[in-house]
Peer 1: 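So that we are looking at the same thing, I have put the structure below in structure tokens.
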Amino acid sequence: MAGKFEIYEDKRGKHRFRLKAGNGEIIAVGESYDSRSAAQKGVESVKKNAPTAEVKEIPTDKS
């Protein structure tokens, strides 16, 4: 089963999106948006930019 994006309203009345894997596990969550349409634009941005996004490893601070 393919993954899916879900757009929902959080407890504070803001709109968010999450990406779920085919098994239902949440694998990504977007920031909060003031409107449903802004959250949809966030989804579209992820769809457009993720296929070519660089994966960068950030070293942990061991101080």
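The shown structure was predicted, so the numbers you read here are calculated from the model rather than taken from an experiment.
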Peer 1: Considering residues, nucleotides and ligands other than Asn49, do more than 12 of their heavy atoms fall under 6.0 Å from its CG?
Peer 2: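 Yes.
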Peer 1: Rounded at 0.5 Å granularity, tell me how far CZ in Arg16 sits from OH in Tyr33.
Peer 2: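 The CZ atom of Arg16 sits 9.5 Å away from the OH atom of Tyr33.
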Peer 1: Of all the heavy-atom pairs spanning Ala39 and His15, show the shortest one and how long it is.
Peer 2: CB-CB, 4.1 Å
Peer 1: Glu9: which residues meet the side-chain hydrogen bond (donor to acceptor under 3.5 Å, both in side chains) condition with it, sequence neighbours left out?
Peer 2: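 Glu9 satisfies side-chain hydrogen bond (donor to acceptor under 3.5 Å, both in side chains) with no residue once adjacent residues are dropped.
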Peer 1: Is there a side-chain contact (heavy atoms from CB on, under 4.5 Å) between Lys47 and Phe5 once you walk through the steps?
Peer 2: CA-CA 10 Å; Lys47 286 180 171 182; Phe5 285 94; 3.8 Å; yes
Peer 1: Walk me through it: do Arg36 and Gln40 pass the test side-chain contact (heavy atoms from CB on, under 4.5 Å)?
Peer 2: CA-CA 6 Å; Arg36 184 168 291 281; Gln40 181 64 44; 5.8 Å; no
Peer 1: In the hydrophobic cluster built from side-chain contacts under 4.5 Å, what are the other members alongside Ile26?
Peer 2: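 Other cluster members: Tyr8, Val29.
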Peer 1: Please lay out, stage by stage, how Lys14 and Asp34 fare under the test side-chain contact (heavy atoms from CB on, under 4.5 Å).
Peer 2: CA-CA 5 Å; Lys14 299 288 187 172; Asp34 290 328; 2.3 Å; yes
Peer 1: Report the C-alpha distance between Leu19 and Val46 in whole Å, list the side-chain angles of each, state the deciding distance to 0.1 Å, and finish with yes or no for side-chain contact (heavy atoms from CB on, under 4.5 Å).
Peer 2: CA-CA 10 Å; Leu19 175 59; Val46 170; 5.6 Å; no
